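To find a chain, count down the sequence lines: A is the first, B the second, and so on, and within it residues start at 1. Keep in mind that this is a model prediction, so the values were computed, not measured.
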2 protein chains.
Amino acid sequence: MADVAVAAGVSVKTVSNVLAEHPGVREETRARVLTAVDALGYRLNPAASRLRSGRTGVIAFALPHLYQPYFGDVAERVIAEGERHGYTVVIEPTDALLARERAVLSGGRAQQVDGAILSPAALGVIDLQGLHVEGPVVLLGARLDDPPADQVVMDDRGASRTAVAHLLAAGRTRIAAVGTTQDGGSADEREAGYRDALTAAGVPVDPALLLDAPDWDRRSSGAAAAVRLLDSGAPFDAVFCFNDAMAFGVLRVLASRGLRVPEDVAVVGFDNTEQSRFSTPPLTSVDPGQEQIARTAVDLLVRRIEGRTGAPEVVVADHHLVVRESSGGPRTPVV
Amino acid sequence: MADVAVAAGVSVKTVSNVLAEHPGVREETRARVLTAVDALGYRLNPAASRLRSGRTGVIAFALPHLYQPYFGDVAERVIAEGERHGYTVVIEPTDALLARERAVLSGGRAQQVDGAILSPAALGVIDLQGLHVEGPVVLLGARLDDPPADQVVMDDRGASRTAVAHLLAAGRTRIAAVGTTQDGGSADEREAGYRDALTAAGVPVDPALLLDAPDWDRRSSGAAAAVRLLDSGAPFDAVFCFNDAMAFGVLRVLASRGLRVPEDVAVVGFDNTEQSRFSTPPLTSVDPGQEQIARTAVDLLVRRIEGRTGAPEVVVADHHLVVRESSGGPRTPVV
DNA sequence: CTGAAAGCGCTAACAT
DNA sequence: ATGTTAGCGCTTTCAG
């Protein structure tokens, strides 16, 4: 840096100012510095910057699993968005382990990262409620009453309502729900939306049609639920799954039992992952607005890192339903 | 660190030695230092370590896309394996862009990372052959004659041979191949394995059954290929797809045209991603040994970083075929 | 708006 | 096997 300063005929401080994009450097000086940087092939040593400034330029994105297309998708967007803001993103798969999620919130990676985005899986609403959070953090996922940090939430309830209303409008009345849990969080919200829609239509809620699935991660959860539903003998003409992964498991079982989708049973998922376009049949699914979620989460975090104070902000992402063949949508042209 | 040294009654150097796990510290001293560290809640400042030692403790894993379950899966394993070795892994989606892949090989991230693992998509075999590589790098993917760096390769050819031999053994003789390209690389190898198997069985190779698909990333590539195949009128009783993603697209089209799998057409994929277990029907697929690939790649890279010299090493991962219903395997018990 | 000097916290080299 | 010292390359004071 000293060499660059000499070449540009300025002090090191000015070089530093230019490279850090600090304001208050004359345009002409800036240009001269940049020329010298280029000429000498100089590059900032990030380790030294970090040591001196205390800022790492790194943010962590903690998510349950990367092999889930939904999270892969969000992760890719978060990485891109982070880069736009000048941050490197480190992905931290928590394996849905409580201890790892806690570590993120308690600043376990302090000194290593400037902040973190957490998509909790093990931590339920009750755990999160009013919890103490160390350092800049943005939460993804379920809505909380007393959020301990900024969050970007899906409108789980509203989105579910939309999905179920769509099935009702198609004349289905025996609609099963796959993915209920006792954990609170998204599952409860999605169940609430399901109940809202039925109630609004004057359709009674039949407990026999509520199928638990503690592990949303696996298609096998959906498959297992479908088997239980079929074996219970309860009549049904539609299945609303709390995510796409489980919906694929359900589709698989229905096909293996000789049931036609959507003729005999309509199926709707949640996430609108890319593969929903190519399942057999293509899956109707709620798009929870991943693009917006990633963008907003990084924005909120970066503003926190850069000094924003005040109460946690909550941003609700926009959602919409993508109707495909599994719920009677038009046969999509393949290709 | 000075405080810890005082508390433990040793010099800072000793504290540093203990924390860096350098050899040559008496066990008793070590214990005393660790106690002091705990008591004071002391944590190494990684920025300072990096500045002084020049090592970052970070490795980059550059891959085309994270939303592809195959890469999400490998990425997760690489992250875990890196952690085991004390390294943080930074994922760098290249978007299959030539410039980004080149940047990895030419040490674009020097000073930021100690080394990189690259899974090339845009760079073909010819580009890679004998290319100059800057810094420790491990390549994933296709086998090269004159590798510029260590690599972990699949036995593309052998694995394809196994897959096609399986179809032949099941009595199929009109076997289409989906995913050929003119790029060289994995596509060529897989095509060669396909030809090997046919030739060995005395079955002629019909060019009408070779279906190009430049973009392996998308199920739509497989779907488009299947449409072309059907519209060509060429008879066929099996499809070997060069990856699972394309196979799902093919399954989708076959179903929409009323063809039964495996009765009318057997289908085999390549990657054995998790969703192959839950497609309709479950997909027979070649498992290319992702676990071993991730483990080996990190091992090779870390050993390079830690000073290994000499000619590039090449490790061929083990593969095996997982037979499921799409090629006439037994109906898998659902759940 | 720019310059000079100090020092972030650690580890490498050398000494003991 | 452990201690001493210097300095990695930058940014932050504080002056001008």
Reckon A:T29 has a side-chain N or O less than 4.0 Å from the OP1 or OP2 of C:dT2? yes
Send over the distance from B:E21 CD to C:dC10 C1', rounded to a whole Å. 17 Å
State which of D:dT2, D:dC10, D:dG9 makes the closest approach to the side chain of A:Y42. D:dC10
What integer distance in Å separates A:M1:CE from C:dG3:P? 13 Å
Rounded to whole Å, CG of A:N17 lies from C1' of D:dG9 at a distance of 16 Å
Check whether any side-chain nitrogen or oxygen of A:S11 sits under 4.0 Å from OP1 or OP2 of C:dG3, and answer yes or no. yes
Where the side chain of A:S49 is defined as all heavy atoms beyond and including C-beta, which of D:dC10, C:dC10, C:dT2 is the nearest nucleotide? D:dC10
Exam field: side chain A:E92 to backbone A:A60, donor-acceptor pair closer than 3.5 Å: no
Could you check whether any side-chain N or O of B:Q129 sits under 3.5 Å from a backbone N or O of B:D146, counting only pairs where one atom can act as donor and the other as acceptor? yes
Are any of the side-chain heavy atoms of B:V152 and B:V138 separated by less than 4.5 Å? yes
Does A:R52 put a side-chain nitrogen or oxygen below 4.0 Å from OP1 or OP2 of D:dG9? no
Euclidean distance, atom CG of residue B:L19 to atom P of C:dC10 [Å, nearest integer]: 9 Å
Heavy-atom nearest nucleotide on DNA chain D for B:Q111 versus B:V25: which residue maps closer to 5'? B:V25
Looking only at the side chain of A:R55 (C-beta and beyond, no hydrogens), which of the listed nucleotides C:dG9, D:dT12, D:dT11 gets closest? D:dT12
Nearest non-hydrogen partners of A:I79 and B:P93, listed with the distance: CG2-CD, 3.8 Å
Strictly below 4.0 Å, N to O, side chains only: are B:E81 and B:R84 in salt-bridge contact? yes
Would you mind telling me which of D:dT13, D:dT4, C:dG9 lies closest to the side-chain atoms of A:K13? D:dT13
Candidate nucleotides C:dC1, D:dT12, D:dG9, ranked by approach to the side chain of A:S53 - the nearest: D:dT12
Rounded to whole Å, how long is the line connecting atom CZ of A:R50 with atom C1' of C:dC10? 16 Å
Give a yes/no on whether any side-chain N or O of B:S16 is located under 4.0 angstrom from OP1 or OP2 of C:dT11. yes
For the pair made of CG in A:L51 and P in D:dC10, what is the distance, rounded to whole Å? 12 Å
Rounded to the Å, how far apart are B:N45 CG and D:dC10 C1'? 14 Å
B:L44 atom CG is separated from C:dC8 atom P, nearest whole Å, by 17 Å
